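What follows is a single structure, written as structure tokens, with notes after it.
Computed from a prediction, not measured in an experiment: that's the story for all the values here. Order of the sequence lines fixes the chain letters, A, B, ..., with proteins taken first and strands second; residue numbering starts at 1 for each chain.
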Protein chains: 2
Amino acid sequence: MHLPSTTALRVIAALAQHGTVSAAAVALSLTQSAVSKQLKAVEALIGLTLFNRARHGLVPTEAGIVYIEQARVALGALETAAVRTARLRGSRPVLRLHVLPILGDRWFMQRLIGFTDQHPDVDVQFVTYASREAHRDVDVVFRFGEGQWPGWNADYFLGRDVVLVGAPMTLDRGGGIADWRDIARFRLLVHPQTPLHWDRLFAQYGGLDIPPEQTITLSYYALVIRGAIGGQGLALVPRTLITRELAAGELVNPLGIGFESQNCYWLTTPNERPREGVLKHFCVWALAEAARSEMPQGAVSS
Amino acid sequence: MHLPSTTALRVIAALAQHGTVSAAAVALSLTQSAVSKQLKAVEALIGLTLFNRARHGLVPTEAGIVYIEQARVALGALETAAVRTARLRGSRPVLRLHVLPILGDRWFMQRLIGFTDQHPDVDVQFVTYASREAHRDVDVVFRFGEGQWPGWNADYFLGRDVVLVGAPMTLDRGGGIADWRDIARFRLLVHPQTPLHWDRLFAQYGGLDIPPEQTITLSYYALVIRGAIGGQGLALVPRTLITRELAAGELVNPLGIGFESQNCYWLTTPNERPREGVLKHFCVWALAEAARSEMPQGAVSS
DNA sequence: CCCGACTATTCCAATATGGAATAGCATGCT
DNA sequence: AGCATGCTATTCCATATTGGAATAGTCGGG
């Protein structure tokens, strides 16, 4: 039997992550056409549909879920191989970063060049699909949580400042938001890893009951943001991840509603690996850059 | 960064298994040229040598060991994906076999057609690189051992009959074997999973001390057999695996020396999966075919 | 019923792949 | 030494695959 190509695997993973062919194409630096064909090729190979073509993008079928999972395992293995051999090669210093996809897309890609320009000798490697076990290979892991991980040194990175946003169209159509209670008139986009965000918000303002059918759960942050832009409903998103959209007016934050979240992004390094040399430079740079990107005035940039 | 192609991964895995470019090429149904190029491509990709070109084949470097391991993980994931989706497809009955490479190469490939001819509707799938965890996906696992696996139903398959063999050239050069004690004059090829075979043989005949430096340990059975054919020394091999070589005179079994091993190949099925329908047919067929292949008269075949 | 936001398809150029033949390189035998 | 042997590396070339640009098709919403 024929095996899928590695780009096919990347396509599957990217589709799962971004939810649409076009978005996946951008993420992979391919055209929509190429992605569409790769997907079709894999589906032909296994004789099953992997994604149901739904209204606003692709939804994995049962087979798709299985395949996505294994594609990630395979890609993870290749990443692990690359990282471990790079360490063996040891020609130039290697910095291995484990970055959650959303951070990679929305924060790192634009800014990392600032670091690599200063340190052209350093081989910066991204690890995205790695399993937990592969954490021992990396120098820095960016995590989402409350800042406590045994054996890891954690610094607040970004994302504490969570804001309520929606597309202008959405707000208009729903009659606008003049008071926080108006939120109840909209559909709410939920991210499974942070379902408590909404509860937290309502608690702050005094309570609000939203029936579950008025929420949409989207498996990736990227989808939540896209959904909000596309007018699916209101979202709660760390402000730093959408500075561009806020600046461009694609998303707006009515009444400045938001809160400080306990759950945010942290920069963590293994305790046993002291932050020195290149690693130290990187941590200092990343934390400074993150702080800068959270300052309101620094937020306006393409 | 570019990723290796999936054929490159298969090449790496096959090289690790067969130890030479040419043998790997045969196993993959490619030319030696193609395999050589793929290997070179991967080495260029990661900037390291994966195999040291040694006297009789390729020996993995440190980087090679890492890479081989991850290539197997990646291929295993793809196999798992294929198997699990095939089950979902469910168009025609699927039979998933986990087969050790040596059995696949030396026994199944030639005989399986006898089964598929009788059951053209059945989708027979091989699983080779699968992790232990993936065992739950398979219908039949061929294992090497003593026949006891909790939760598994085991039938003796083949390989009990272990014989001492060497290339005719080897035997001539070493002065022939007129008595079992003459074994001490030869180098012995050892397979790490069955190091006790030699002890077992010597015990049977009354003891013999072989200094360790007179042995060569080869990591795969395929290499042991190849080594014996190539004149590296004497080997202890299940007779069924080398019927062709014995018939062709490439290997000879002086004096008929050999013994019944406790460690041999077993056909096992999970207890919770009753042997019925296609599964039953396959087990019956495989066991009968194995028995037939172990009969001396049945042994002569190309 | 058209518009917008998608995905699928077609055509074509660029690239990668794999086979056949050949060269190169050690080793062991005479 | 010198040749035969059993490998791997390289070159050349036909073919298959890939990916981009443009185009067509699809679906839901105002």
Side-chain angles (χ1 to χ4, degrees), chain A residues 2-12 14-15 18-45 49-59 64 167 169-170 172-174 187 223 226-233 250, chain B residues 2-11 14-15 18-45 49-59 64 167-170 172-174 187 223 226-233 250:
Chain A
H2 281 267
L3 291 171
S5 66
T6 35
T7 55
L9 298 180
R10 296 201 305 144
V11 163
I12 300 295
L15 284 173
H18 294 94
T20 79
V21 173
S22 320
V26 172
L28 295 169
S29 308
L30 289 175
T31 56
Q32 170 262 330
S33 150
V35 172
S36 176
K37 275 186 285 194
Q38 288 284 2
L39 171 58
K40 199 183 154 195
V42 176
E43 290 184 330
L45 181 69
T49 306
L50 292 180
F51 293 89
N52 285 321
R53 277 63 168 176
R55 178 66 193 88
H56 274 291
L58 311 186
V59 179
M169 183 184 72
T170 310
D172 286 351
R173 196 144 36 118
R187 265 192 309 192
L223 295 181
R226 280 183 49 78
I229 296 173
Q232 302 290 298
E250 293 175 26
Chain B
H2 281 266
L3 290 170
S5 66
T6 35
T7 57
L9 297 181
R10 296 201 307 143
V11 162
L15 283 173
H18 294 92
T20 78
V21 172
S22 319
V26 172
L28 296 170
S29 308
L30 288 175
T31 57
Q32 170 262 329
S33 152
V35 173
S36 177
K37 276 187 285 194
Q38 289 283 3
L39 171 57
K40 200 185 153 194
V42 176
E43 291 184 329
L45 182 68
T49 306
L50 291 180
F51 293 89
N52 286 319
R53 277 63 169 175
R55 177 69 193 83
H56 274 291
L58 310 187
V59 179
M169 184 183 73
T170 310
D172 287 351
R173 196 140 40 113
R187 266 193 307 193
L223 295 180
R226 282 183 47 79
I229 296 172
Q232 302 289 299
E250 293 175 25

Where the side chain of [X] is defined as all heavy atoms beyond and including C-beta, which of [options] is the nearest nucleotide?
X	options	answer
B/Gln32	D/dT8, C/dA8, D/dT18	D/dT8
A/Gln38	C/dT7, D/dG19, C/dG18	D/dG19
A/Ala34	D/dG20, D/dT8, C/dT17	D/dG20

In whole angstrom, give the distance that lies between atom [atom1] of [X] and atom [atom2] of [N].
X	N	atom1	atom2	result
A/Lys40	D/dT17	NZ	P	14 Å
B/Leu58	C/dA26	CG	P	15 Å
A/Arg10	D/dT18	CZ	P	13 Å
A/Met169	C/dA5	CE	C1'	12 Å
B/Glu43	D/dT10	CD	P	11 Å
A/Leu15	C/dT7	CG	C1'	11 Å
A/Ile229	C/dA5	CD1	P	12 Å
A/Asn52	D/dC27	CG	P	14 Å

Quiz item: Which parts of nucleotides 10-15 of chain C does protein reach within less than 4.0 Å, heavy atoms only, written one letter per nucleotide 5' to 3' as B for base, S for sugar-phosphate only and - for none?
Solution: BB----
Quiz prompt | Identified side-chain contact (heavy atoms from CB on, under 4.5 Å) counterpart of B/Leu58 within the set B/Leu50, B/Val21, B/Thr20 | solution = B/Val21
Practice problem: Would you work out how much the helix from C/dC1-D/dG30 to C/dT30-D/dA1 bends between its ends, with each end axis defined by five base pairs, to 10 degrees? | Solution: 20°
Quiz prompt | Nearest-0.5 Å distance that lies between atom CG in B/Leu39 and atom CZ in B/Phe51 | solution = 6.5 Å
Quiz item: Can you name the side-chain hydrogen bond (donor to acceptor under 3.5 Å, both in side chains) partners of B/Thr7, sequence neighbours left out?
Solution: B/Ser5, B/Gln38
Quiz item: Nearest heavy-atom pair of A/Pro4 and A/Leu9: which atoms, and what distance?
Solution: CG-CD2, 4.1 Å
Practice problem: Report the residues that fulfil side-chain contact (heavy atoms from CB on, under 4.5 Å) with B/Ala167, sequence neighbours left out, ordered by chain and then residue number. | Solution: B/Thr170
Quiz item: Near DNA chain D, which residues from residues 22-31 of chain A have a heavy atom under 4.0 Å away?
Solution: A/Ser29, A/Leu30, A/Thr31
Under 3.5 Å, side-chain donor or acceptor atoms of residues 26-37 of chain A against the rest of the protein: list the pairs with distances, not counting sequence neighbours.
unit_1	atom_1	unit_2	atom_2	d
A/Thr31	OG1	A/Ala34	N	3.2

Quiz item: Reckon A/Thr20 has a side-chain N or O less than 4.0 Å from the OP1 or OP2 of C/dC6?
Solution: no
